[in-house]
Amino acid sequence: MKSEPDDVSIDDALAAPGQTVAWIGVRNYQARNFMRDAMRMGDGLLFYHSSCAEPGIAGLAEVASAPYPDDTQFDPASKYFDPKATRENPRWMLVDVRATKKTRLLTLPELRANPALADMQVLRRGNRLSITPVTPDEWRCIIGQLG
DNA sequence: GCCAACGTTGGC
DNA sequence: GCCAACGTTGGC
């Protein structure tokens, strides 16, 4: 899961109550569907810093809730407000994310240099999704690099 | 700031 | 349903 560290960094997440943050602001259907349909409590997450000087994997986290509506979609004062969403028919769902560990920064160039990660979805050319699945092999490889 | 890539919007 | 225009993402 990508986060801009100027917005929410791994340190911010670890400093939050219960080391947990609601993953607000996702406004892409595919990314929403991963949270709404594919994630389960306790699933492992890679916490990726994007749109920053040194993009890369900065920590580990886990899914900490079932999916529920993103409240910011209903708030006209929020930059994530969606006028087409209603309480009765919410459009945007999220999960809570519990940060478990800050790791060394596994940088984007390092990820790209690893043949075992060549097909990783987040690294694919043109990928703009802020949430992408990780295969078990990719997960093991990355945990190994961080260990 | 640039720009490739691609998702969304809206007219038809 | 098509598709051009536009907006956003995100690395560089």
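In what follows, chains carry the letters A, B, and so on, assigned in the order in which the sequence lines appear, proteins first and then strands, with residues in each chain numbered from 1. Bear in mind that the values here come from a model prediction, so they are computed numbers and not experimental data.
Shown here are the salt bridge (Lys or Arg N to Asp or Glu O under 4.0 Å) partners of A:R87, two or more places apart in sequence or in another chain: A:D71.
For the pair A:V122 and A:K2, the minimum side-chain heavy-atom distance is below 4.5 Å.
Residue A:R124 contributes atom CZ, which lies 15 Å from atom C1' of B:dC6 at whole-angstrom precision. Atom CD of A:E4 is separated from atom C1' of C:dG10 by 8 Å (rounded to the nearest Å). Atom pair A:H49:NE2 and C:dG11:C1' shows a separation of 16 Å (rounding to whole Å applied). If you take CD1 of A:I131 and P of C:dG10, they are 11 Å apart, rounded to a whole angstrom. Following rounding to the nearest Å, A:W92 (CH2) and B:dG7 (P) show an atom-to-atom distance of 13 Å.
If A:N127 and A:R91 are placed on DNA chain B by their nearest nucleotide, the residue sitting closer to the 5' end is A:N127. Of the residues near DNA chain B, A:R128 and A:K84, the one whose nearest nucleotide (by heavy atom distance) lies more toward the 5' end is A:R128.
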Please report the C-alpha distance between A:L60 and A:L45 in whole Å, then the side-chain angles of each, then the deciding distance to 0.1 Å, and finally whether the side chain to side chain contact (heavy atoms under 4.5 Å, CB included) criterion is met. CA-CA 6 Å; A:L60 302 178; A:L45 303 170; over 6 Å; no
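Between A:W23 and A:F47, a ring centre-to-centre spacing shorter than 6.0 Å is recorded.
The stretch residues 111-120 of chain A has no heavy atom under 4.0 Å from DNA chain C, so no residue of it qualifies as close.
Defined by atom type and a distance below 3.5 Å, a donor-acceptor pair is present between the side-chain atoms of A:D70 and A:T72. Counting only N and O atoms by type, the side chains of A:Y68 and A:D96 include a donor and acceptor under 3.5 Å apart.
Which of B:dG7, C:dG10, C:dC12 sits closest to the side chain of A:L108 comes down to C:dC12. Closest approach to the A:Y48 side chain among B:dT8, C:dG11, B:dC6 is made by C:dG11 (side chain taken as heavy atoms from C-beta onward).
In this structure, A:K2 reaches the C:dG10 phosphate: one of its side-chain N or O atoms is under 4.0 Å from OP1 or OP2.
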